[in-house]
Amino acid sequence: MNRDERVVRELVSGYGRTYAEEAGIRLTDTPQPLYRLLVLSLLLSARIRASVAVAAARALHEDRLDSPRRMAEAGRRRRVAALGRGGYRRYDERTAAQLGAGAELLTERWGGDLRRLHREAEGDPAALQRLLMEEPGIGPAGAGIFLREAQRVWPDIAPYLDGKALAGAGRLGLPEDPGRLTELAGDT
């Protein structure tokens, strides 16, 4: 085993949990877990600690705000309260508004089902990123987070590693090519 393989194996063994796993999302190619991942991606893309974003995503789920319909119907105050229970206070008003507007857009445009967005993009990661960024509050960082995690259930976009992931690999002296990194990881 060469140095790069050892580094990748150590990373996977020490930090191999995804954000979705940390948030209690059992990711499947079905509407609810995909929506919860989208919400988590929005929360993670703000300038706030990842642990707070994960806790806020859990709080939203505990408050049953885990579908676009429920999120839209909940109202801003209920969304703010759930975010606050998760410790997400710095951007709570803006984020609550974005969650409501995003839920409405997702419902109107894709029937509340991100698999329809995936089909519209025909599995093209760049098209998926553009469509995801139509959601209020989802920018390049949020879209990247979503796609990095969604590739587990949308294998047609794998390997998906955004600029942030590739830059991190480069800082560790690993190749910055998605195919090469995937090859190094093997089936770890």
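Please read all numbers here as calculations on a predicted model, not as lab measurements.
Scanning both residues, Leu40 and Ala53, for their nearest heavy atoms gives CD1-O, 4.1 Å. The minimum heavy-atom distance linking Gly173 with Asp4 is given by the pair O-OD1, 3.8 Å. Taking each heavy atom of Ala96 and Leu83 in turn, the nearest pair found is N-CD1, 3.9 Å. The nearest pair of heavy atoms linking Ser41 to Gly142 is CB-O, 3.4 Å. For the pair Ala82 and Ala59, the tightest heavy-atom approach, listed with the atom from each and the gap, is O-CB, 3.3 Å. Shortest non-hydrogen contact noted between Ala72 and Glu104 is CB-CG, 4.0 Å.
Put simply, the side chain of Leu166 reaches to within 4.5 Å of the side chain of Leu181, judged on heavy atoms. The shortest side-chain heavy-atom distance between Ile138 and Phe146 does not fall under the 4.5 Å cut-off. Looking only at side-chain heavy atoms (C-beta outward), Ile25 and Thr18 stay at 4.5 Å or farther from each other. Within the 4.5 Å cutoff, the side chain of Leu27 has heavy atoms near those of the Leu34 side chain. By the 4.5 Å heavy-atom criterion applied to side chains, Pro31 and Leu114 are not counted as neighbours. A 4.5 Å side-chain heavy-atom check between Asp63 and Arg79 finds every atom pair outside the cut-off. The shortest distance between side-chain heavy atoms of Met133 and Pro140 falls below 4.5 Å.
In the hydrophobic clustering of this structure, Leu65 does not group with Val80; members are Ile, Leu, Val, Met, Phe, Trp, Tyr whose side-chain heavy atoms approach within less than 4.5 Å, directly or through other members.
Electrostatic pairing of Glu62 and Arg85 does not count as a salt bridge here, judged by no charged N lying under 4.0 Å from a carboxylate O. Look at Glu21 and Arg152 and you find a salt bridge, because one of the NZ, NE, NH1 or NH2 atoms lies within 4.0 Å of a carboxylate O, short of that distance. Salt bridge status for Glu73 with Arg70: absent, with no side-chain N to carboxylate O gap under 4.0 Å. Between Asp113 and Arg115 there is a salt bridge, since a side-chain N of the basic residue sits under 4.0 Å from a carboxylate O of the acidic one.
Not one N or O on the side chain of Tyr88 forms a donor-acceptor pair closer than 3.5 Å with the backbone of Val52. Under the 3.5 Å distance criterion, the side-chain polar atoms of Glu149 are matched with a main-chain donor or acceptor of Ala20. The backbone N or O of Arg148 sits less than 3.5 Å from a side-chain atom of Gln151, completing a donor-acceptor pair.
Within the model, atoms CZ of Arg116 and CG of Leu106 stand 10.0 Å from one another, a figure rounded to the nearest 0.5 Å. For the atom pair Trp154 CH2 and Leu128 CG, the distance stands at 6.0 Å (nearest 0.5 Å). In this structure, CD in Glu135 is found 6.0 Å from CH2 in Trp110, a value given to the nearest 0.5 Å. Here the straight-line distance linking atom CD1 of Ile48 with atom CZ of Arg89 works out to 9.5 Å at 0.5 Å rounding. Interatomic distance, Asp124 CG to Ile157 CD1, rounded to the nearest 0.5 Å: 10.0 Å. The CZ atom of Arg36 lies 6.5 Å from the CG atom of Asp66; values are rounded to the nearest 0.5 Å.
Partner of Leu174 under the side-chain contact (heavy atoms from CB on, under 4.5 Å) criterion, out of Arg3, Glu5, Arg180: Arg3 alone.
A donor-acceptor pair shorter than 3.5 Å cannot be found between the side chains of Asp29 and His118.
Heavy atoms of other residues, nucleotides or ligands lying less than 6.0 angstrom from OH of Tyr19 number 12 at most.
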Evaluate Arg109 against Glu120 for salt bridge (Lys or Arg N to Asp or Glu O under 4.0 Å), listing each step before the verdict. CA-CA 11 Å; Arg109 179 124 183 234; Glu120 183 177 322; 2.9 Å; yes
Under the side chain to side chain contact (heavy atoms under 4.5 Å, CB included) rule, what do Ile145 and Asp162 come out as? Steps first, then yes or no, please. CA-CA 8 Å; Ile145 292 165; Asp162 62 358; 5.5 Å; no
